[in-house]
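Data first, discussion second: the structure below is written as structure tokens.
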Amino acid sequence: MKILILGTSGQVGTELMRAAWPPGTELVGLARPEVDMARPETVAAAVAEHAPALVVNATAYTAVDKAEGDREAAFAVNRDGPARLAAACAARGAALIHISTDYVFDGTKPAPYTEDDPVAPLGAYGASKEAGEAAVRAALPRHVILRTSWVYAAHGANFVKTMLRFGREREEMRVVADQHGAPTAASDIAAAIVTIAGRISAGNDVPWGTYHFTGTGETTWHGFAERVFQRLEAATGRRPRLLAIATADYPTPARRPANSRLDCTRIRTAFGIAAPLWEDSLERVLDELLSSPAS
Ligand SMILES: NC(=O)c1ccc[n+]([C@@H]2O[C@H](COP(=O)([O-])OP(=O)(O)OC[C@H]3O[C@@H](n4cnc5c(N)ncnc54)[C@H](OP(=O)(O)O)[C@@H]3O)[C@@H](O)[C@H]2O)c1
């Protein structure tokens, strides 16, 4: 099967390019110079040129706070790009796996969100991603939308790398302890996508639709940082004091959901996919990060 991956410079895109695809998979990876999601003509041209059976969209405008003052750009990349991509896929008979986010929810539900819960994004980023989901659903029945949360990898900009850097430089860290969710390794998302692609390739009875996929278990940003600092201390003997603060003590331009927990039952039932415990995936990524002198 020929698969077109968009967004190969990002966390998930990078892991998709190095994932364990089955023999016979023809992978074409494109980054922004070739396909700019804010320039829809480049999107349609790439699908026409490569004629893939499946496209995986790992691009997004992911700067959550910046999006508040840059709404148009966020919507161009997160809504208009995917809309054009889904239309191009429909025209060419390709399927689409599109990645979305926990930020489509407002976080007021006192339990993990299921795929059927109503969306109510709190900020411009969440709203633009929600609009992208809707555009994909409207244009292309053969889609899988994967909503995930708190993504990190050994490369790219993410919470784990920020904590490691600050942990080495600072005596004290204040981290929010009242937002609940599940960290998700980009490599686990890539592995889930390989499984879904295998099902699409087999061709029969693909359960198209929207799915939640995150690391198994749950924590807070504070609990996530605690785990990173435990490993930092074991590796370097250094560890900052970690203080738990409330979201209200750390104002940001964009509001974030207090509850980002996503119920991942549906993807397990439909595709047999379950992520590792978030702590186990974090260990693996920290092994990679702490063994590299550059990190
Ligand atoms: N990061 C998270 O915590 C998180 C949480 C929930 C869901 N998600 C979702 O997961 C998916 C992957 O996120 P990620 O963490 O891998 O993001 P990332 O590391 O920020 O990568 C984003 C990718 O999108 C590309 N991109 C941005 N604007 C573009 C444009 N106009 N045209 C083409 N490419 C463009 C970037 O290319 P450049 O390198 O050229 O900028 C980069 O390759 C996204 O759908 C995101 O919304 C992420």
Side-chain angles (χ1 to χ4, degrees), residues 10-16 18-20 56 58 62 97-105 107 109-117 119 129 144-156 158-164 175-199 207 209-231 234 244 256-290:
Q11 299 190 85
V12 174
T14 299
E15 295 297 340
L16 281 166
R18 63 183 208 188
V56 183
T62 53
I97 299 176
H98 176 73
I99 307 170
S100 192
T101 171
D102 52 321
Y103 282 24
V104 300
F105 297 116
K109 186 179 174 183
Y113 281 93
T114 70
E115 291 83 350
D116 297 328
D117 282 321
V119 293
K129 292 291 295 182
V144 170
I145 294 171
L146 267 195
R147 292 191 188 129
T148 188
S149 64
W150 300 15
V151 179
Y152 66 94
H155 46 85
N158 59 62
F159 182 80
V160 173
K161 291 182 67 184
T162 303
M163 287 302 112
L164 282 181
V175 179
V176 169
D178 58 357
Q179 289 171 28
H180 301 262
T184 311
S187 52
D188 290 336
I189 300 172
I193 288 173
V194 168
T195 300
I196 295 168
R199 188 76 168 270
T210 300
Y211 293 90
H212 291 172
F213 177 80
T214 71
T216 297
E218 62 178 84
T219 187
T220 63
W221 291 109
H222 179 272
F224 193 7
E226 171 68 25
R227 203 77 191 190
V228 174
F229 291 152
Q230 276 171 14
R231 274 299 302 276
R256 274 127 171 108
N259 175 23
S260 274
R261 293 173 299 152
L262 302 179
D263 183 323
C264 299
T265 306
R266 183 180 284 177
I267 196 167
R268 193 167 59 237
T269 309
F271 288 100
I273 294 171
L277 291 172
W278 72 266
E279 295 97 326
D280 291 347
S281 291
L282 179 60
E283 286 294 306
R284 202 168 22 78
V285 172
L286 284 171
D287 283 346
E288 192 177 338
L289 277 167
L290 290 166

* **Whether Y113 and F105 hold their rings parallel, tilted or perpendicular, with breakpoints at 30° and 60°** =>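 Answer is parallel, since the angle falls under 30°.
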
* Hey, what's the ring geometry for F224 with W150, parallel, tilted or perpendicular (30° and 60° as the breaks)? ->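 If you compare the ring of F224 with that of W150, the planes turn out parallel.
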
How many angstroms lie between [atom1] in [X] and [atom2] in [Y], if you round to the nearest 0.5 Å?
X	Y	atom1	atom2	result
T148	I99	OG1	CD1	8.0 Å
L282	D287	CG	CG	9.5 Å
Q179	R256	CD	CZ	7.0 Å
D188	I273	CG	CD1	11.0 Å
I267	T210	CD1	OG1	11.0 Å
S260	E218	OG	CD	11.0 Å

State whether the side chain of [X] and the backbone N or O of [Y] hold a donor-acceptor pair below 3.5 Å, judged by distance alone.
X	Y	result
T216	A275	yes
R231	L290	no
Q11	G156	no

* To do: Before giving the answer on side-chain contact (heavy atoms from CB on, under 4.5 Å), spell out for T114 and R266 the whole-Å C-alpha distance, their side-chain angles and the decisive distance to 0.1 Å.
  => CA-CA 8 Å; T114 70; R266 183 180 284 177; over 6 Å; no

* H98: ring pair (Phe, Tyr, Trp, His ring centres under 6.0 Å) partners, not counting sequence neighbours ->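 Partners of H98 by the ring pair (Phe, Tyr, Trp, His ring centres under 6.0 Å) criterion come out as none, since no residue qualifies.
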
* Asked: Are D263 and K109 close enough for a salt bridge, meaning some N to O gap below 4.0 Å?
  -> no

* To do: Look at E15 together with R284 and state whether they make a salt bridge at an N to O cut-off of under 4.0 Å.
  => no

Ignoring hydrogens, what is the shortest heavy-atom contact between [X] and [Y]? Give both atom names and the distance.
X	Y	result
A274	F213	C-CE1, 4.4 Å
L262	R147	CD1-O, 3.7 Å
M163	A225	SD-CB, 3.9 Å
T220	A177	CG2-O, 3.4 Å
P183	T219	CD-CG2, 3.7 Å
S100	I145	CB-CG2, 4.0 Å

* Any side-chain heavy atom of F159 sitting closer than 4.5 Å to one from V175? ->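 Touching, per the 4.5 Å side-chain cut-off.
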
* Asked: For W278 and T214, what are the C-alpha separation, side-chain angles and deciding distance, and is it a side-chain contact (heavy atoms from CB on, under 4.5 Å)?
  -> CA-CA 8 Å; W278 72 266; T214 71; over 6 Å; no

* Show your working on side-chain contact (heavy atoms from CB on, under 4.5 Å) between L286 and L164 and close with a plain yes or no. => CA-CA 9 Å; L286 284 171; L164 282 181; 4.1 Å; yes

